[in-house]
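Heads up: the structure comes next, in structure tokens.
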Amino acid sequence: MEYNFKEIESKWRAFWAENKTYKVVEDPSKPKFYVLDMFPYPSGAGLHVGHPLGYIASDIFSRYKKLKGFNVLHPMGYDSFGLPAEQYAIQTGQHPAVTTEQNINRYRDQMDKMGFCYDWDREVRTSSPEYYKWTQWIFKQLFDCYYDKDLKKAVRISDLIKKFETNGNAGVNAETDLEDDFSASEWQGFENEQKEKVLQHFRLAYLADSWVNWCPALGTVLANDEVVNGVSERGGHPVEQKRMRQWSMRIKAYADRLLEGLDRVDWFESIKEQQRNWIGKSKGASAFFSLEKGDDKIEVFTTRPDTIYGVTFMVLAPEHPLVEKITTSEFKDKVEEYKKMASLKTERDRQSDVKNITGQFTGAYALHPFTGDKVQIWIGDYVLASYGTGAVMAVPCGDQRDFDFATHFGLEIKNIFQDIDISERAYAEKDAAIVNSDFLNGLSAKEAIEVAVAKIEQMGIGKGKVNFRLRDAVFSRQRYWGEPFPVCYKNEIPYLIDDKNLPVELPEVDKFLPTEDGEPPLARAHKDAWNYFEGDRMEYNTMPGWAGSSWYFLRYLDPKNENEFAARDKIDYWGNVDLYVGGSEHATGHLLYSRFWTKFLFDLGYIPFDEPFKKMINQGMILGRSSFVYRIKDSNKFVSSTLKDQYDVTPIHADISLVENDKLDIEGFKSWRPEFKNADFITEADGSYVCGHEVEKMSKSKFNVQTPDELVEKFGADTLRMYEMFLGPVEQSKPWDTKGINGVHNFLRKLWRLFHDQNGDVCLSSDQPSKEALKTLHKTIKKITDDLDRFSLNTGVSNFMICVNELTDQKCNNKTILEQLTILLSPYAPHISEELWIKLGNEAGTMTFAKFPEFNEEYMKESSFEYPVSFNGKMRFKVYLSLELNPKQVEEHVLGLEEAGKWLEGKTPKKVIVVPGKIVNIVL
RNA sequence: GCGGAUGUGGUGAAAUUGGUAGACACGCCAGACUUAGGAUCUGGUGCCGAGAGGUGUGCGGGUUCGAGUCCCUCCAUCCGCACCA
């Protein structure tokens, strides 16, 4: 019997499903291992070959860990709320739940064909009410907590209220944007409405008027990580700044812990670095500059307090609250004009207009805190209102932007760096000694920073301070297809819905569009359409896409629990994710938010860990390899790629299914589209047409999408699994190319032949395995184990090929050897392994729970070694020598060889290096 | 500008601790077989050279008996962040 992958694969797929082979339950007798894939958004296009890359890798690893005796949790689900389903719904009127369901079914079908070992009984969908009930519940906890900076953790808001009742907000060290002070009696005198307003400044999920990224085309706000280069990440629509009342998450409270936790996880450095940049911690000092006139003070933030004597002017953001107050009447009009101009610029304009220096003098002066000198106060849009204090002390000698500003407007530039020429540009390094700076003179930058901060604090004009770039995350979206908030309003004060009434389900609406008054789609729902309704109205916004994905890894632990998001004993057993596999594009979104929620749930004692993902592997993107045909201008004639330079041609994408090894299927191309029906071809001498190619993102419009289904059909899932791994290291981006897939397929056929005779009958020997075969096997065991442990799955495939090549040369059909090999291979190619497993006389379905072979060094022992002999580091010849020889003996033997004499050229070697079992190097 | 990653044959790549550069595969070349199968088998294939040999891991330098691997300078490509004070 030939290797009939179709029959074998469908047989085992059915077997696994029927027997629930991959179902897992808590088992205290075994160590646990949690392998997680980033769950997909089920889009209408289905999976292409790039999606399963990470799933295959994690599947191999899960199967390996099972064979190693671990109880492996390996679940899958769907991030099923999101924009595309809703936009499709707006166009067609089809309910997003319906399209989502269809897409999920297609994804499931595609994944099943790959032979993944997911425990599908644990599937979660973020859009199902049973799931989002708990997303709502977590939101409620966030609403009900504030961040205590002394305890460095989230604490219930009731504790805060107690403090307010006894002491007002004096002595409260909480993460808040509230600046006013109030006493206990003032607090007690507040109306409920006023109290809630105050509390909103403390809650971790809070309602506030804030500047948000508004995307008119999508009709919704976006989080910072959803805006890329001033346009929306999805769809590329323009985004503008708008002030709106929105739910936000006080993620800033966790900035320091999010930074610190990165040191405790095993992730790629690039991802950690991206998160560090995004959090953007900078240490420095804040200092108050008093004004020449009036009692107001301007607070600035600087990372270089050592350069304070270089200050020659100040710049405020145009939106800075003091601008209006300090501007002299003489400059009022000009300042107003500048402010207006700045406000009209979108974020995008400001970014693309970095080189253009603009600003306006306010007419006011501040006093230098040390020298008492008058310094001009300007406004300029290079100073951002949202970072630091919205004001900078300008040090043109030490900061290029300040330098450019000063040069442009002819402001003074004072040099405070010893032996540094600043006539051309600012000196931003920290290597020069400080001069012209009174008490800082002669100090290095590092020393001067400390001394300056101490002095500033001593004088009471400021203090050492840490600033973060991270902003609080906007949490409401004006969309339909998302989690409803467990919130209602009474007199416009938000109230939480009681746990017993959760989930608040998505109500039916007549259209998925905003109302005429611009309210979100949920405002269309009639009171009766809500499964629960309270107060004057329910919250109309829905949660953003990252809400459901911020905690899904916890739900897999106990997916059907109706009373808790997961039972504590299950959480304790499974713990956090041991290996997380997914794309790196989530570095500043999902991966940051899920860490935030994990830390929060840890603070409240619901989970015993504060980092969700211990180790993470980020698979590279699989790019498409587009094929091109070249049409000669104004004709229907196509010229082969190698000859195209002789003509004036237009490249046209050809569907990659019509191309094999860059050769075009000419007849197929003619019938592909009507306009090519009568096409002519200028071919190579052998009559073939060679296509050009280019690496691009996979997309329908480029006809370069490769679906896994086609390849499973053609070669089988085992071949595709191994081929995707064979392509190169998982973390590397690479273009998809089916060129080498035959090689992998042939390998599996060759493996099959080891078990069968020429007639295709099973033919296995039960004799003692040969020494040679044992050596091959154990060499392979060692390599495969090492490869898996360091996630080098491409070399794993190579090592299987080497093994099968060697066993074929040895004509090995030994049962013991082949059985061990089958177990080794089963994580990579589970279907064929199961089939061979029963041919070896084992019971169906027991393969998954077999024991992974152990490497035994005994079989690898050699008595001799083929030494490479080098002269001056150049390998010249090889010689077999006993490994029992000591270095001196090796040297003597090698120097006595005729071959050596040729290279010695009669000279006496200066030195001979012998590394036993490795190399001989002769230095002449 | 800052940060991260990468650079090896015609192609995908390997070389885990400094020790035979190019494993394994694709492709290509030559041949065998034939039940014509997306077969199988044998040999070859970094580059230059008829050969002996020379040369070779982005460039240039250094350390070392020995460097793809370690150090320094530079170049190129990709990714992320960016008027962040």
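Values reported hereafter were calculated over all heavy atoms of this structure, with side chains retained and with hydrogens, waters and symmetry mates removed. Quick note on labels: first sequence line is chain A, next is B, and so on, each numbered from 1. It should be emphasised that the depicted structure is a prediction, and the values quoted were computed from it without experimental measurement.
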Subject >> B:C41 - base-pair partner by Watson-Crick or wobble geometry, distances under 3.5 Å >> reply: B:G31
**OP:** Output the distance between atom CG (A:Leu720) and atom NZ (A:Lys714), rounded to the nearest 0.5 Å.
**Re:** 12.0 Å
**OP:** Quote, to the nearest angstrom, the C1' distance that separates B:G38 from B:C48.
**Re:** 38 Å
Original post:
Looking at A:Arg276 and A:Asp263, does any basic side-chain N land under 4.0 Å from a carboxylate oxygen?
Top reply: yes
**OP:** With heavy atoms under 4.0 Å as the rule, sort A:Ile802 into base, sugar-phosphate or nothing.
**Re:** sugar-phosphate
Original post:
Out of B:U16, B:U20, B:A85, which nucleotide sits closest to the side chain of A:Met875?
Top reply: B:U20
Original post:
So, is B:G9 syn or anti if syn means the angle is within 90° of 0?
Top reply: syn
Original post:
Would a line drawn from the ring center of A:Tyr880 to the ring center of A:Phe865 be shorter than 6.0 Å?
Top reply: no
Subject >> Rounded C1' spacing from B:C79 to B:G60 in Å >> reply: 27 Å
Original post:
Please give, in whole Å, the distance from B:G37 P to A:Asn742 CG?
Top reply: 15 Å
Original post:
B:G4 C1' sits how many Å from A:Asn618 CG, rounded?
Top reply: 13 Å
Original post:
Pick the nucleotide of RNA chain B nearest each of A:Trp278 and A:Phe301; which residue has the one closer to the 5' end?
Top reply: A:Trp278
Subject >> Aromatic ring proximity, centroids under 6.0 angstrom, A:Phe747 and A:Trp752 >> reply: no
Original post:
With sugar-phosphate meaning primed atoms plus P, OP1 and OP2, does A:Lys878 contact a base, only sugar-phosphate, or nothing at under 4.0 Å between heavy atoms?
Top reply: base
Original post:
Should A:Glu806 and A:Lys775 count as an ion pair when the cut-off is N to O under 4.0 Å?
Top reply: no
Original post:
Which listed nucleotide (B:A13, B:A85, B:G38) is nearest to the side chain of A:Val392?
Top reply: B:A85
Original post:
With ring centroids as reference points, do A:Phe5 and A:His745 lie under 6.0 angstrom apart?
Top reply: yes
Original post:
Atom CG of A:Asn794 to atom C1' of B:C26: distance rounded to whole Å?
Top reply: 15 Å
Original post:
Roughly how far apart, to the nearest Å, are B:C74 and B:G3 at atom P?
Top reply: 13 Å
**OP:** Let me have a per-nucleotide readout for nucleotides 40-62 of chain B, 5' to 3', with B, S or -, counting only protein heavy atoms under 4.0 Å.
**Re:** SS-----------SS--------
**OP:** Looking only at side-chain atoms of A:Lys911, point me to the closest of B:A85, B:G19, B:C65.
**Re:** B:C65
**OP:** For B:G66 versus B:G31, give the span between their C1' atoms, rounded off to a whole number of Å.
**Re:** 41 Å
Original post:
Hey, does the side-chain of A:Asp381 have a donor or acceptor N/O within less than 3.5 Å of a partner on the base of B:C83?
Top reply: yes
Subject >> Gap in Å between the two P atoms, one belonging to B:G4 and one to B:U73, rounded >> reply: 14 Å
Original post:
Looking at the rings of A:Phe313 and A:Phe405, which for Trp means the six-membered one, are their centres under 6.0 Å apart?
Top reply: yes
**OP:** Could you measure between the two P atoms, the one in B:U8 and the one in B:G68, and give it in whole Å?
**Re:** 15 Å
Original post:
Distance between the P atoms of B:U17 and B:C71, in whole angstroms?
Top reply: 14 Å
**OP:** Looking only at side-chain atoms of A:Leu384, point me to the closest of B:A85, B:A13, B:G19.
**Re:** B:A85
Original post:
Taking the P atom of each, how far is B:G53 from B:A21, in whole Å?
Top reply: 16 Å
Original post:
Is the cationic atom of A:Lys782 (NZ for Lys, CZ for Arg) positioned less than 6.0 Å from the six-membered ring centroid of A:Phe855 and within 45 degrees of its normal?
Top reply: yes
Original post:
Given that both distances must come in under 3.5 Å, which nucleotide forms a Watson-Crick or G-U wobble pair with B:G1?
Top reply: B:C81
Subject >> Out of B:G4, B:C24, B:G19, whichever nucleotide has its closest atom nearest the side chain of A:Glu273 >> reply: B:G4
**OP:** Please determine, for the side chain of A:Ser798, which listed nucleotide (B:A23, B:A85, B:A25) has the closest atom?
**Re:** B:A23
**OP:** For the side chain of A:Lys714, starting at C-beta, report the closest nucleotide among B:G38, B:A14, B:A25.
**Re:** B:G38
**OP:** Give the rounded distance in Å between these two atoms: CE of A:Met801 and P of B:A13.
**Re:** 15 Å
Original post:
Taking only side-chain nitrogens and oxygens of A:Gln732, does any of them come within less than 4.0 Å of OP1 or OP2 of B:C78?
Top reply: no
Original post:
According to a strict under-4.0 Å criterion, is A:Asn799 in side-chain N/O contact with OP1 or OP2 of B:C24?
Top reply: no
**OP:** Grab the CG-P distance between A:Asp399 and B:A85 for me, whole Å please.
**Re:** 9 Å
Original post:
So does A:Arg469 get a side-chain nitrogen or oxygen closer than 4.0 Å to the phosphate oxygens (OP1/OP2) of B:A85?
Top reply: no
**OP:** For residues A:Leu924 and A:Lys910, report the shortest heavy-atom separation together with the two atoms involved.
**Re:** O-NZ, 3.5 Å
Original post:
Of all the choices, B:U16, B:G4, B:G19, which nucleotide is nearest to the side chain of A:Asn921 once you look at every atom?
Top reply: B:G19
Original post:
When you check the gap from the basic side-chain N to the acidic O, do A:Lys339 and A:Glu319 get nearer than 4.0 Å?
Top reply: no
Original post:
Side chain of A:Lys739, base of B:U11: donor and acceptor closer than 3.5 Å?
Top reply: no
Original post:
If you find the nucleotide of RNA chain B closest to A:Val920 and the one closest to A:Gly390, which residue's nucleotide is nearer the 5' end?
Top reply: A:Val920
**OP:** Quickly work out the A:Asn277 CG to B:A5 P distance and round it to whole Å.
**Re:** 13 Å
